[in-house]
Amino acid sequence: MEFRPSLINRTSRAVLKGMLDGLQAKQPPVLTPGEAEEVLQANQGLQDQVRCLIDMVHRKGESACGIMLALLEELDYYLCTDLYLSVPAH
C-alpha cells in the first residue's frame with residue numbers, strides 16, 4: 001500500500017465520516033456501529049482516525065477494501081485519481 005501515507009495525510013474529516021457512514025450502510029455492513037465509534041473515539045487526531053479505519057478494513061479482506069475504495073472514489077474522486085487509486089472491475 002504505497003499510497004497509504006498520502007491517503008492518511010490527505011483524507012478530510014468529511015470524507016472520513018462519509019466512509020464510516022457508507023461502510024455501515026452496506027449490506028452486509030463492512031463496519032459495525034461499534035467499530036465506527038472506535039475509529040472516532042479511540043484516536044484523537046484525524047490522521048490517526050484515518051489510519052485506524054484503513055487498518056480495520058484491511059484486516060477484513062479484499063472485498064471490504066474494494067468497498068472502501070469505491071466509497072472513497074464517490075466521496076473524493078480527485079484524491080483517488082491523484083493517488084492512482086481505482087476500484088477493480090467485478
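Taking CE from Met19 and CG from Leu69, the interatomic distance works out to 9.0 Å, rounded to the nearest 0.5 Å. Between Asp55 atom CG and Arg59 atom CZ the span is 6.0 Å, to the nearest 0.5 Å. With values rounded to the nearest 0.5 angstrom, Thr11 atom OG1 is found 9.0 Å from Leu53 atom CG. Distance check, rounded to the nearest 0.5 Å: SG of Cys52 to CD1 of Ile8 gives 10.5 Å.
Shown here are the side-chain contact (heavy atoms from CB on, under 4.5 Å) partners of Ser12, two or more places apart in sequence or in another chain: Ala14, Val15. Partners of Leu46 according to the side-chain contact (heavy atoms from CB on, under 4.5 Å) rule, which considers only residues two or more places apart in sequence or in another chain, are Arg13, Leu16, Gln49, Val50. Partners of Asn9 under the side-chain hydrogen bond (donor to acceptor under 3.5 Å, both in side chains) rule, at least two apart in sequence or in another chain, are Gln47.
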Audit row: Asp82, Arg10, salt bridge (Lys or Arg N to Asp or Glu O under 4.0 Å) steps and yes/no:
CA-CA 11 Å; Asp82 195 43; Arg10 295 176 55 193; 2.6 Å; yes
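In this structure, Pro29 and Gln24 approach most closely via the heavy-atom pair CB-O, 3.4 Å. Among all heavy-atom pairs drawn from Ala64 and Val30, the shortest one is CB-CG1, 3.8 Å. Summarising the geometry of Gly22 relative to Leu71, their closest heavy-atom pair is C-CD1, 3.6 Å, with the distance given to 0.1 Å. When all heavy atoms of Gly18 and Leu75 are compared, the pair lying nearest together is C-CD1, 3.5 Å.
In this structure, Asp21 does not pair ionically with Lys26, as no charged nitrogen and carboxylate oxygen lie closer than 4.0 Å.
Listed by first then second residue, pairs satisfying salt bridge (Lys or Arg N to Asp or Glu O under 4.0 Å) with a partner in residues 27-50 read Glu35-Lys60, Asp48-Arg51, not counting sequence neighbours.
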